[in-house]
Amino acid sequence: MEKNEGYKSTEQKESENPDPSLRISTSPKSPRSPKTRHGNKGSPVKGISPRKNDRHSHSGTDGRPKKGGCGGKGTWGGLLDTDDNHFVDNNDPNYTSSEENDKTAVKKVCPRFEEYKKKAAVIVEEYFATDDVVSTANELKDLEMASYSYYFVKKLISMAMDRHDKEKEMAAVLLSSLYADVIDPRQVYKGFRKLVESADDLIVDIPDTVDVLALFVARAVVDDILPPAFLNKESDALPVGSKGIDVIKRADKGYLSAPLHAEIIERRWGGSRNKTVEDVKAKIDNLLVEYAVSGDKKEAIRCINDLKVPFFHHEIVKRAIIMAMERKKAEGKLLDLLKTASEECLINSSQISKGFTRIIDTVDDLSLDIPNAKELLQSLISKAASEGWLCASSLKAVSFHPEKKLIEDSIVKAFKAKAQSIIQEYFLTGDVLEVNSCLESEKLSSIPELKAVFVKRLIMLAMDRKKREKEMASVLLSSLYFPADDVVNGFTMLIDSADDIALDIPVVVEDLAMFLARAVVDDVLAPLHLEEIGGDTLRVDSVGNKVLKMARSLLNARLSGERILRCWGGGGSYTNGWAIEDVKDQIGKLLEEFESGGDKREACRCISELGMAFFHHEVVKKSLVKIIEKKNDRLWGLLEECFNTGLITQIQITKGFGRVGESLDDLSLDVPDAKKQFGLLVERAKGEGWLDSSFSFVKVLENGHRS
């Protein structure tokens with residue numbers, strides 16, 4: 001039983017805010033069929049032959065729970081329907097005043113959802129009594145509440161779980177029939193998720209819940225109505241020790257991992273009308289091959305009709321199109337067959353769209369066997385659309401770029417947040433080694449696509465900042481030694497989204513072009529990579545195309561290398577023409593001059609003129625080393641002045657102390673009591689507010705030993 005939250009149960013919230021965010025491929029829905037009234041003699045849905053039209057219930061129950069009970073066998077009134085969707089009625093004979101004071105009492109309901117739940121239970125009962133798929137589909141369409149379809153999925157399976165194998169098989173067949181045409185794939189996914197989450201409740205009345213629900217999940221995967229990724233995603237999301245995890249494990253290890261699992265699962269409850277998915281696929285292949293040879297269209301249409309699998313006609317479309325791509329001579333015949341099947345309403349428009357969509361989703365794999373698969377598929381889509389039996393606008397575009405393996409959105413989202421934090425810290429500290437260390441801890445080598453995400457994020461953040469950060473971004477990019485392909489992919493994403501970026505960064509053309517040119521000058525990219533980044537898909541008037549043109553123009557200019565290197569005031573280093581070693585020498589000299597009797601203000605001015613705020617930890621480090629070596633407190637006064645005036649931040653001071661701590665072992669060779677002195681300096685700095693109280697001397701030493 002779910003706890004109430006804010007006077008609404010979880011299911012009530014879902015009913016008011018249906019969750020459309022699950023990312024699984026969907027197929028366009030067919031136009032809604034005319035409403036079918038009870039007793040109609042005509043066929044209610046084109047392309048599907050109704051077997052029964054008498055829609056009155058043969059069941060003695062109405063599917064609603066008994067008062068205070070669970071509604072009897074198959075209704076699941078108690079566990080699945082008790083969502084606390086009721087008002088506190090002071091006219092109720094059982095009313096007590098304490099109910100109004102009970103903060104957990106539900107005050108609001110969603111009447112539409114309550115109505116849907118009652119009707120869904122009745123529809124399921126009638127389906128089990130009549131076994132009429134077409135009428136059930138029409139009943140669901142007539143409800144006009146598609147956003148609650150997940151509840152129908154949950155109700156159908158939960159009621160079937162407590163019945164015989166016949167009802168279980170009927171439930172599996174009905175879901176396959178309604179998938180995409182009547183129930184959106186996202187709603188099917190959500191319904192199964194709700195079932196798995198409620199396994200701990202279901203097992204109270206159905207002892208074999210784990211096994212039966214696991215078989216339903218496995219059957220859904222085999223029937224292609226539930227993506228295999230469902231298993232891993234839900235396993236990670238479920239609480240440890242829940243029965244839902246047992247269900248997922250049983251489905252994965254007990255059923256889907258077994259040899260010949262598809263046939264075993266299909267026949268577990270008596271078979272899908274004694275036909276398995278593999279049987280149907282084999283028959284589809286045979287009829288298409290025979291038709292390609294004989295050209296007998298009437299016989300092919302008869303064979304399709306005899307299959308009696310209207311919900312699986314998308315497989316016919318898919319296999320026919322693939323065969324047309326493989327056999328150029330048979331293309332005309334196969335397209336003509338699909339056109340005729342569409343005109344005779346044997347294969348409806350949603351099944352045709354679904355078949356093409358499935359090919360688009362797997363076209364990259366097809367390209368391994370059919371080199372020009374994308375071009376052929378685009379040509380066939382154009383022909384089908386021109387002949388009027390395919391709605392091309394309902395399909396997603398065929399991408400002609402080689403697509404990388406998709407990463408789970410949750411991983412990308414989490415990495416983007418971490419990448420932003422790493423880059424922002426780098427802009428403060430300028431520590432390239434620290435960035436490398438952070439990225440190594442993220443194990444980017446196992447997911448190379450994330451490197452492209454990091455490149456894009458780095459350039460995006462730098463473009464919105466000053467020249468200093470732009471220079472630092474270019475230096476970091478050349479220091480990371482990412483594979484060229486990952487950098488290319490990162491810039492490709494930037495070019496593709498340049499029109500959107502321009503809304504926030506008006507100078508995106510100049511800045512992004514300079515980053516591209518700088519990457520070529522720094523040997524991060526080769527000049528030919530610019531052609532790969534641009535591709536053939538960019539519009540002539542797009543911002544991305546302007547960026548590429550300007551980048552080429554910058555690279556072709558006289559003395560382009562030197563100009564580009566110094567475009568942001570740098571020269572392939574952090575500051576104006578200086579290498580890191582030069583900067584360290586400058587810091588060492590100004591500290592020596594100050595030790596010799598220099599003025600604090602003059603020393604602070606020199607530090608400021610370095611223009612190296614992100615490298616001030618080096619000033620702190622060198623000062624501390626000199627204090628430990630010479631026991632000269634004069635430099636401590638300089639650090640105090642720098643901190644008090646805000647010239648050196650607490651972050652830079654902390655980093656400077658950390659770097660000294662990591663090199664204490666080497667320092668102790670020259671100064672035996674270096675560790676003791678450093679410990680005293682740490683406590684002194686904490687006392688003056690330079691270091692946070694969480695700064696640990698012991699941890700710093702441990703880090704030094706590890707490094």
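Just so it is clear, the model here is predicted, and its values are computed rather than measured.
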Any side-chain heavy-atom pair of K383 and E331 under 4.5 Å = yes
For S149 and Y116 the tightest heavy-atom approach is CA-OH, 3.4 Å
Specify the closest pair of heavy atoms between Y291 and D296, including all atoms of both residues, with the distance to one decimal.
-> CD1-O, 3.6 Å
Pair K118 + E114, salt bridge at N-O below 4.0 Å = no
Would a 4.5 Å heavy-atom cut-off, applied to side chains only, mark E126 and V122 as touching?
-> yes
Would you find more than 12 non-hydrogen atoms of other residues, nucleotides or ligands less than 6.0 Å from K546 atom NZ?
-> no
Chi angles and distances behind the side chain to side chain contact (heavy atoms under 4.5 Å, CB included) call for V182, N138 | CA-CA 9 Å; V182 180; N138 288 327; over 6 Å; no
Beyond-backbone contact of E375 with Q378, side-chain heavy atoms, under 4.5 angstrom | no
K119 bridged to E115 by N-O distance under 4.0 Å | yes
State, yes or no, whether a side-chain contact exists between D224 and R358 at a heavy-atom distance under 4.5 Å.
-> yes
Hey, are R319 and E315 close enough for a salt bridge, meaning a charged N less than 4.0 Å from a carboxylate O?
-> yes
In Å and rounded to the nearest 0.5 Å, what is the OG to CG distance from S542 to L548?
-> 8.0 Å
Would you say the side chain of L143 lies within less than 4.5 Å of the side chain of F152, judging by non-hydrogen atoms?
-> no
Is there side-chain contact between V217 and L231, with heavy atoms separated by less than 4.5 Å?
-> yes
Is a side-chain donor or acceptor of D336 paired with a backbone partner of G332 at a separation under 3.5 angstrom?
-> no
Spacing of I322 atom CD1 and L366 atom CG [to the nearest 0.5 Å] | 5.0 Å
Report the relative orientation of the aromatic rings in F216 and W269; use parallel for angles under 30°, tilted for 30 to 60°, perpendicular for over 60°.
-> tilted
Atom pair NE2/CG of H313 and N348 - distance to nearest 0.5 Å | 8.5 Å
S158 (side chain) donor-acceptor with K155 (main chain) under 3.5 angstrom = yes
Tightest non-hydrogen contact, residues A214 and V247, listed as CB-O, 3.4 Å
Take E197 and R193, measure what salt bridge (Lys or Arg N to Asp or Glu O under 4.0 Å) needs, and give me the verdict at the end.
-> CA-CA 6 Å; E197 289 173 353; R193 175 161 57 83; 3.7 Å; yes
R219 and D223: CA distance, side-chain angles, deciding distance, salt bridge (Lys or Arg N to Asp or Glu O under 4.0 Å) verdict = CA-CA 6 Å; R219 175 67 177 267; D223 286 347; 2.9 Å; yes
List the steps and the verdict of side chain to side chain contact (heavy atoms under 4.5 Å, CB included) for L338 and T340.
-> CA-CA 5 Å; L338 293 178; T340 302; over 6 Å; no
Please confirm whether the backbone N or O of Y127 pairs with a side-chain atom of T136, one donor and one acceptor, at under 3.5 Å?
-> no
State, with a plain yes or no, whether a side-chain heavy atom of I264 is found less than 4.5 Å away from one of Y255.
-> no
Salt-bridge contact E125-R163 (side-chain N to carboxylate O under 4.0 Å) | yes
Please confirm whether the backbone N or O of H164 pairs with a side-chain atom of E167, one donor and one acceptor, at under 3.5 Å?
-> yes
What's the spacing between L175 CG and I157 CD1 if we round to 0.5 Å?
-> 5.0 Å
Which of H314, K354, Q351 passes side-chain hydrogen bond (donor to acceptor under 3.5 Å, both in side chains) with D181? It is Q351
Are side-chain heavy atoms of V455 and D486 found at a separation under 4.5 Å?
-> no
Could you tell me the separation between the NZ atom of K339 and the CD atom of E387, rounded to the nearest 0.5 Å?
-> 5.0 Å
Got a second to check how far L256's CG is from I265's CD1, nearest 0.5 Å?
-> 4.5 Å
For the residue pair F113 and Y150, categorise the inter-ring angle as parallel (less than 30°), tilted (30 to 60°) or perpendicular (more than 60°).
-> parallel
Show your reasoning for whether side chain to side chain contact (heavy atoms under 4.5 Å, CB included) applies to Q187 and Y151.
-> CA-CA 8 Å; Q187 294 288 317; Y151 179 82; over 6 Å; no
Set of residues satisfying side chain to side chain donor-acceptor pair (under 3.5 Å) with respect to K298, sequence neighbours excluded = none
Minimum heavy-atom distance between K318 and I359, given as atom pair plus value | O-CD1, 3.6 Å
Could you tell me whether a side-chain N or O of K333 sits under 3.5 Å from a main-chain N or O of A292, the two making a donor and an acceptor?
-> yes
Before giving the answer on side chain to side chain contact (heavy atoms under 4.5 Å, CB included), spell out for L178 and V153 the whole-Å C-alpha distance, their side-chain angles and the decisive distance to 0.1 Å.
-> CA-CA 10 Å; L178 301 180; V153 175; over 6 Å; no
What are the two closest heavy atoms between I248 and S235, and how far apart are they?
-> CG2-CB, 4.0 Å
At their closest point, which heavy atom of P185 faces which heavy atom of A180, and how far apart are they?
-> CD-CA, 4.1 Å
